[in-house]
Each structure stands twice: as C-alpha cells, then as structure tokens.
Chemist: 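Right, I'll just put the structure down here and ask away after.
Indexing begins at 1, ligand by ligand and atom by atom, following the structure's order.
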Amino acid sequence: MKILVTGGTGYIGSHTCVELLESGYEVVIVDNLCNSKREVVDFIKEITHKEVIFYEGDVCDKELMRKIFKEHKIDAVIHFAGLKAVGESVKVPLNYYRNNIGSTITLCEVMNEFNCKKIVFSSSATVYGSPKELPIKEGFPLSATNPYGRTKLYNEGILTDLYVSDNNWSVALLRYFNPIGAHPSGLIGENPNDIPNNLMPYIVKVATKELKILSIFGNDYQTKDGTGVRDYIHVVDLAKAHVKAIEEVLNNTGVDAYNLGTGQGYSVLELVETFQKVNKVEVPYQIVERRPGDIDACYADPTYAKEKLNWEATKGIEEMCRDSYNFAINYNSKHQN
Ligand code: NAD
Ligand code: UD1
C-alpha cells in the first residue's frame with residue numbers, strides 16, 4: 001500500500017513516515033520545505049533502512065499533485081501540510097486561508113480525479129475553543145478564536161461535506177493535543193528556526209542556553225499550581241495513531257473525528273520541573289502576564305480512539321522531556337561547524 005504524506009518532512013509528518021515505513025507501507029512525501037529541511041528525508045531513510053520518494057513542491061500546485069498521482073498509485077493520503085503559528089495567522093490571515101484551505105481543496109480535487117478517496121487530516125484540539133467541561137470529548141461544541149483555528153475548523157467542514165456528497169470517501173479527522181518529544185534516535189524532532197511560540201521548544205532552547213530565560217505566561221489560572229494545564233503527547237505515540245487511522249480509512253468509508261492525547265494534564269511548572277530532573281539541566285524561568293487567548297486547562301478524553309482505532313498513548317512525560325532534549329543536543333552538535 002502506498003501512502004502520500006503531505007508535509008512529510010515536518011515535525012509530526014516525519015515521525016509518521018517512520019512509523020508507516022516500519023509498518024510495511026510505501027511512502028511518497030510532498031513538501032515545499034517552507035518549515036522543514038530536505039535532510040529529514042535522509043534521516044527517515046537512516047532510521048528505517050527503507051526507501052522514501054520525495055517531491056519538493058506545493059500541495060496548492062495542481063499540476064504537481066496530478067504528476068504525483070500519475071506516477072504513483074496512491075492508496076490513501078495523510079495531509080499534514082499547513083502553516084501552524086497562531087500569532088502569525090492573526091497578522092497574515094489570507095496566507096493561512098490560501099495555504100491551509102487551498103491545499104486541502106486542490107488535494108481533494110486531484111484525489112477525486114484519480115479515484116483515491118481516503119484521507120487522514122491533521123486537525124487540532126484548538127477546534128474546541130474554550131471548552132466548558134473537561135476532559136474534552138469529540139462531541140463537544142466546536143469554535144475557533146483565530147485564523148489558524150478557523151482553517152482547521154473549515155477543513156474539517158470541507159472534508160465532512162465531501163463525504164456527504166459522495167459516500168465513497170473515507171475521512172479521519174485527527175485532533176492533536178500538544179505534541180512534544182522526538183524520535184529516540186535523536187535524528188528527527190522539532191526545531192523551529194525562529195524564537196519558539198510553544199512551550200517545549202522554548203524550554204529546550206533555554207536548557208541549551210540559546211535563550212536566557214523561560215517566561216511562564218501566568219500563575220493565576222484555575223489549575224493545580226496556577227499555571228496552564230495541557231495534554232502533552234509524545235510525537236512517536238501520535239505518529240503511531242496515524243498508522244491506525246490509515247488502516248481505518250483503508251478498510252471503511254465514513255467521516256470520523258478522534259482526540260489524540262494521553263488524557264492526562266500537566267501544568268507548565270510540572271513540565272519544567274520534570275524536564276530539569278530527567279535531563280539534569282537548569283531551566284531558569286520567570287512568571288509574566290498571561291498570553292492573550294490562552295485557556296486554563298485542556299486535556300482529552302481519548303476513549304474513542306482507543307475503542308475505534310485500538311490506539312492509546314504509552315509514553316509518559318519523562319520520556320517526552322528526555323527525547324526532546326536528546327534531539328536538541330544531537331542536532332546542535334551536528335550543526336555546530
Ligand atoms: P510542521 O511545520 O513541522 O510541518 C508542516 C510541513 O508542511 C512543513 O514541513 C512545511 O514545510 C509543509 N508545508 C506547509 N505548507 C505546505 C504546502 N502548501 N505544500 C507543501 N508543504 C507544505 O508542523 P507539524 O507540527 O508537523 O504539524 C503538522 C500538521 O499538524 C499541521 O497541519 C498543523 O497545523 C497540525 N497540528 C500541529 C500541532 C503541533 O503542536 N505541532 C498541533 C495540532 C495540529
Ligand atoms: C498552542 C496554540 C494552539 C495550537 C498548539 C499546537 C495558542 C494560543 N494556541 O497551544 O492553537 O494548536 O499550540 O501548536 O497559541 N507557555 C508558557 N511560556 C511559553 C510558551 C507557552 O508559559 O513561552 C504556556 C502556555 O501559556 C500554555 C502552555 O505553556 O499554558 C502550552 O503552550 P503552547 O505550547 O504554546 O501550546 P497551547 O497554547 O496549548
């Protein structure tokens with residue numbers, strides 16, 4: 001079976017390619033490298049000792065997408081390609097709508113032409129807005145508070161409409177909670193070029209002394225220690241869920257949404273303390289103002305993914321902290337000279 005992975009050299013995509021290859025799937029990647037590097041293709045091969053086909057290009061480029069489908073008999077697609085910085089999406093919303101929604105439309109049009117109607121889509125827990133209750137279940141009301149979140153919500157709607165129009169489609173909407181960690185080889189992981197927006201990449205850059213101090217955004221939330229609580233999930237666990245979702249879309253039709261989290265919430269302080277302990281490294285921090293738009297707490301009820309996909313997260317917070325740091329140390333040592 002051959003799977004097309006859009007955004008396959010990115011953070012979650014690269015880990016998913018590894019799991020797909022290790023489960024016996026053939027993998028074709030298309031990525032325009034706007035937020036990743038070509039070397040990732042070699043790292044995927046090095047980890048798996050398998051071949052990967054790579055196309056550098058944009059999913060919005062219809063002719064390129066047709067060429068890929070002509071050259072390969074694609075059985076299903078995992079659509080990771082997209083822009084993901086919430087703050088940036090507020091500043092340049094049209095870029096987000098064109099890229100994140102345009103890519104989905106072009107991709108699905110070409111899939112239709114080639115009669116490939118099986119797709120796994122990268123959605124986000126952000127589609128739950130500010131949940132009234134915890135843990136979050138898939139049936140909770142959906143809303144968005146920024147353009148990035150709206151692209152996820154609209155894409156979910158577009159893919160659902162597509163299924164309603166043609167019941168031969170098979171769609172899995174995967175709502176990720178907070179992916180962190182890296183492949184234990186230390187070869188692939190998350191490595192933002194700019195100053196990171198998200199917590200774990202920031203912690204890592206403070207630990208490696210690339211940044212001075214972590215700012216913790218608020219300690220007066222309604223949580224165990226006042227800092228924000230999130231459902232952090234190891235990226236390798238997340239990647240394995242995609243293999244299960246691919247099996248599901250290959251074998252069935254329909255549209256379904258799944259929460260991908262551990263079900264366990266950790267505060268910012270708990271994450272920082274665990275990181276310092278397992279890696280034996282200092283992470284200096286200061287408490288600053290809340291970040292606008294942040295919510296107190298967010299964690300999944302992952303029961304449905306367990307029941308329907310036979311998937312659950314197995315890696316704990318210590319492993320997540322260790323693997324994130326291990327990747328950074330390995331990456332920095334390779335790119336120093
Ligand atoms: P990433 O930026 O590391 O990966 C996305 C990849 O897509 C990059 O390699 C980028 O170069 C590529 N890309 C972007 N637009 C493209 C286009 N038009 N054509 C071809 N390639 C394109 O991000 P990630 O963390 O791996 O996220 C993958 C997906 O999961 C995204 O859709 C993101 O919104 C979603 N998601 C991520 C998180 C998270 O915390 N990382 C949480 C929820 C949802
Ligand atoms: C953010 C996005 C969300 C996106 C997700 C994954 C916002 C408002 N939300 O979620 O839409 O799906 O990333 O990409 O941007 N924190 C600090 N200091 C920091 C960074 C973060 O204290 O320097 C805190 C935050 O206040 C939060 C927690 O750490 O309580 C996690 O933050 P982050 O990693 O940015 O993820 P989310 O805000 O959950």
Chemist: Please report which non-hydrogen protein atom sits nearest to atom 2 (O) of ligand 1, along with the residue it belongs to and the distance in Å to one decimal place.
Modeler: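 Atom 2 (O) of ligand 1 sits closest to the protein heavy atom N35 ND2, 2.7 Å.
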Chemist: Please state which part of S123 comes within less than 4.0 Å of ligand 1, counting heavy atoms only: side chain, backbone, both or neither.
Modeler: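 Within the 4.0 Å criterion, S123 contacts ligand 1 through backbone atoms alone.
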Chemist: How close does the nearest protein non-hydrogen atom get to atom 29 (C) of ligand 1, and which residue and atom is it?
Modeler: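 Checking every protein heavy atom, the shortest distance to atom 29 (C) of ligand 1 gives F80 O, 3.3 Å.
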Chemist: Can you check which of I12, D58, V5 brings a heavy atom nearest to atom 26 (O) of ligand 1?
Modeler: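 Answer by nearest heavy atom: I12.
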Chemist: Write out the residue and atom name of the closest protein heavy atom to atom 38 (O) of ligand 2, then the distance separating them to 0.1 Å.
Modeler: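 Going atom by atom, the protein heavy atom closest to atom 38 (O) of ligand 2 ends up being R291 NH2, 2.8 Å.
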Chemist: Within a distance under 4.0 Å of any heavy atom of S124, pick out the atoms of ligand 2 and give their elements.
Modeler: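 Per the distance check, 12 (O).
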Chemist: Answer yes or no: is there an ion pair linking E26 with K50, defined by an N-O contact shorter than 4.0 Å?
Modeler: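 Salt bridge flag = no for K50 with E26.
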Chemist: Show me which atoms of ligand 2 lie under 4.0 Å from any heavy atom of T126.
Modeler: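 Answer for ligand 2: 11 (O).
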Chemist: When you measure from atom 39 (O) of ligand 2 to every protein heavy atom, which one gives the shortest distance, and what is it?
Modeler: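 Checked against all protein heavy atoms, atom 39 (O) of ligand 2 sits closest to R230 NE, 2.6 Å.
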Chemist: Compare C60, G82, A85, S124 and give the one whose heavy atom is closest to atom 5 (C) of ligand 1.
Modeler: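 Answer by nearest heavy atom: G82.
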Chemist: Any salt bridge linking E63 with K67? Criterion: basic side-chain nitrogen under 4.0 Å from a carboxylate oxygen.
Modeler: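 No salt bridge links E63 with K67.
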Chemist: If the cut-off is 4.0 Å to any non-hydrogen atom of N197, which atoms of ligand 2 fall inside it?
Modeler: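 Numbered from 1, ligand 2 contributes 20 (C), 35 (O).
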Chemist: Starting from atom 4 (C) of ligand 2, what is the nearest protein heavy atom, named by residue and atom, and what distance separates them?
Modeler: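 Answer for atom 4 (C) of ligand 2: Y148 CE2, 4.3 Å.
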Chemist: What part of D294, side chain, backbone, both or neither, has a heavy atom within less than 4.0 angstrom of ligand 2?
Modeler: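 Only the side chain of D294 comes within reach of ligand 2.
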Chemist: Quick one: which of Y232, F217, Y285 has a heavy atom closest to atom 31 (C) of ligand 2?
Modeler: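 Minimum heavy-atom distance to atom 31 (C) of ligand 2 goes to Y232.
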Chemist: Taking a hydrophobic cluster as the set of Ile, Leu, Val, Met, Phe, Trp and Tyr residues connected by side-chain heavy atoms closer than 4.5 Å, whether directly or through intermediates, do I78 and V41 fall within one such cluster?
Modeler: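 Yes, same cluster.
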Chemist: If you have a sec, work out which protein heavy atom is nearest atom 24 (P) of ligand 1 and how many Å separate them, to one decimal?
Modeler: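 Checked against all protein heavy atoms, atom 24 (P) of ligand 1 sits closest to K84 NZ, 3.7 Å.
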Chemist: Taking 4.0 angstrom as the limit, do R175 and E138 come out as a salt bridge?
Modeler: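 Salt bridge flag = no for E138 with R175.
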Chemist: Please list the nearest protein heavy atom to atom 1 (C) of ligand 2 with its residue and the distance rounded to 0.1 Å.
Modeler: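 Here the closest protein heavy atom is N198 ND2, 3.6 Å.
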Chemist: Check ligand 2 against S215 and write out every atom of the ligand that is under 4.0 Å from a heavy-atom position of the residue.
Modeler: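 Close to S215: 17 (C), 18 (N), 19 (C), 22 (O), 23 (O).
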Chemist: Starting from atom 3 (O) of ligand 1, locate the nearest protein heavy atom and write down its residue, its atom name and how far away it is, to 0.1 Å.
Modeler: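 The closest one turns out to be Y11 N, 2.8 Å.
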Chemist: Within a distance under 4.0 Å of any heavy atom of G57, pick out the atoms of ligand 1 and give their elements.
Modeler: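 Here the atoms of ligand 1 in question are 19 (N), 20 (C).
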Chemist: Under a 4.0 Å N-O cut-off, is there an ion pair linking D75 with K2?
Modeler: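 Not counted as a salt bridge, because no side-chain N and carboxylate O are separated by less than 4.0 Å.
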Chemist: Quick one: nearest non-hydrogen protein atom to atom 4 (O) of ligand 1, plus distance?
Modeler: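 For atom 4 (O) of ligand 1, the nearest protein heavy atom comes out as G10 CA, 3.4 Å.
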Chemist: Would R291 and D294 pass as an ion pair if we require N to O under 4.0 Å?
Modeler: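 Yes, charged N to carboxylate O under 4.0 Å.
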Chemist: Between A125 and ligand 2, find which residue part has any heavy-atom pair under 4.0 Å and reply side chain, backbone, both or neither.
Modeler: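 Under 4.0 Å from ligand 2, A125 contributes no heavy atoms.
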Chemist: Among all protein heavy atoms, pick the one closest to atom 40 (O) of ligand 1 and tell me residue, atom and distance.
Modeler: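 The closest one turns out to be P179 CD, 3.3 Å.
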Chemist: On a heavy-atom basis, I'd like to know which of V59, D31, I29 is closest to atom 12 (C) of ligand 1.
Modeler: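 That would be D31.
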Chemist: Could you check atom 15 (N) of ligand 1 against the protein and tell me its nearest heavy-atom contact, residue, atom and distance included?
Modeler: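 Of the protein heavy atoms, N99 ND2, 3.1 Å lies nearest.
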Chemist: Tell me which protein heavy atom sits closest to atom 34 (O) of ligand 1, plus the residue, atom name and distance to 0.1 Å.
Modeler: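 Going by distance alone, atom 34 (O) of ligand 1 is nearest to Y148 OH, 2.8 Å.
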Chemist: Kindly compute the distance separating CE (M320) from CG (N178), expressed to the nearest 0.5 Å.
Modeler: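 CG of N178 is found 10.0 Å from CE of M320.
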Chemist: Tell me which one of Y304, W311, Y176 satisfies ring pair (Phe, Tyr, Trp, His ring centres under 6.0 Å) with Y258.
Modeler: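 Running ring pair (Phe, Tyr, Trp, His ring centres under 6.0 Å) over Y304, W311, Y176 with Y258 returns exactly one hit, Y304.
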Chemist: Note the single closest protein heavy atom to atom 36 (O) of ligand 2, along with its residue, its atom name and the distance in Å.
Modeler: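 The closest one turns out to be N178 ND2, 3.2 Å.
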Chemist: When you measure from atom 17 (C) of ligand 1 to each heavy atom in T6, T16, N32, which option holds the nearest one?
Modeler: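 Going through T6, T16, N32 one by one, N32 has the nearest heavy atom to atom 17 (C) of ligand 1.
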Chemist: Report yes or no: is the cationic atom of K73 (NZ for Lys, CZ for Arg) closer than 6.0 Å to the six-membered ring centre of F114, at no more than 45° off its axis?
Modeler: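 No - K73 does not lie over the ring of F114 by the 6.0 Å and 45° rule.
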Chemist: Give me the residue, atom name and distance of the protein heavy atom closest to atom 34 (O) of ligand 2.
Modeler: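 Sorting protein heavy atoms by distance from atom 34 (O) of ligand 2 puts L199 N, 2.8 Å first.
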Chemist: Indicate yes or no: does D323 engage K315 in a salt bridge with an N to O separation below 4.0 Å.
Modeler: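 No salt bridge links D323 with K315.
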Chemist: Under 4.0 Å, heavy-atom basis, I'd like to know which part of E190 is in contact with ligand 1: side chain, backbone, both or neither.
Modeler: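 The answer is neither; E190 stays 4.0 Å or more away.
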Chemist: May I ask you to establish whether K152 and Y96 are in a cation-pi arrangement, using a distance under 6.0 Å from NZ or CZ to the six-membered ring centre and at most 45° from the ring axis?
Modeler: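 No, a cation-pi geometry is absent between K152 and Y96.
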Chemist: If you have a sec, work out which protein heavy atom is nearest atom 9 (N) of ligand 2 and how many Å separate them, to one decimal?
Modeler: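 The closest one turns out to be V86 CG2, 3.9 Å.
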Chemist: Can you name the closest pair of heavy atoms from V243 and S23 and give their distance?
Modeler: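 Scanning both residues, the minimum pair turns out to be CG1-OG, 3.6 Å.
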Chemist: For atom 24 (C) of ligand 2, what is the nearest protein heavy atom, given as residue, atom name and distance?
Modeler: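 Answer, as residue, atom name and distance: V268 CG2, 3.7 Å.
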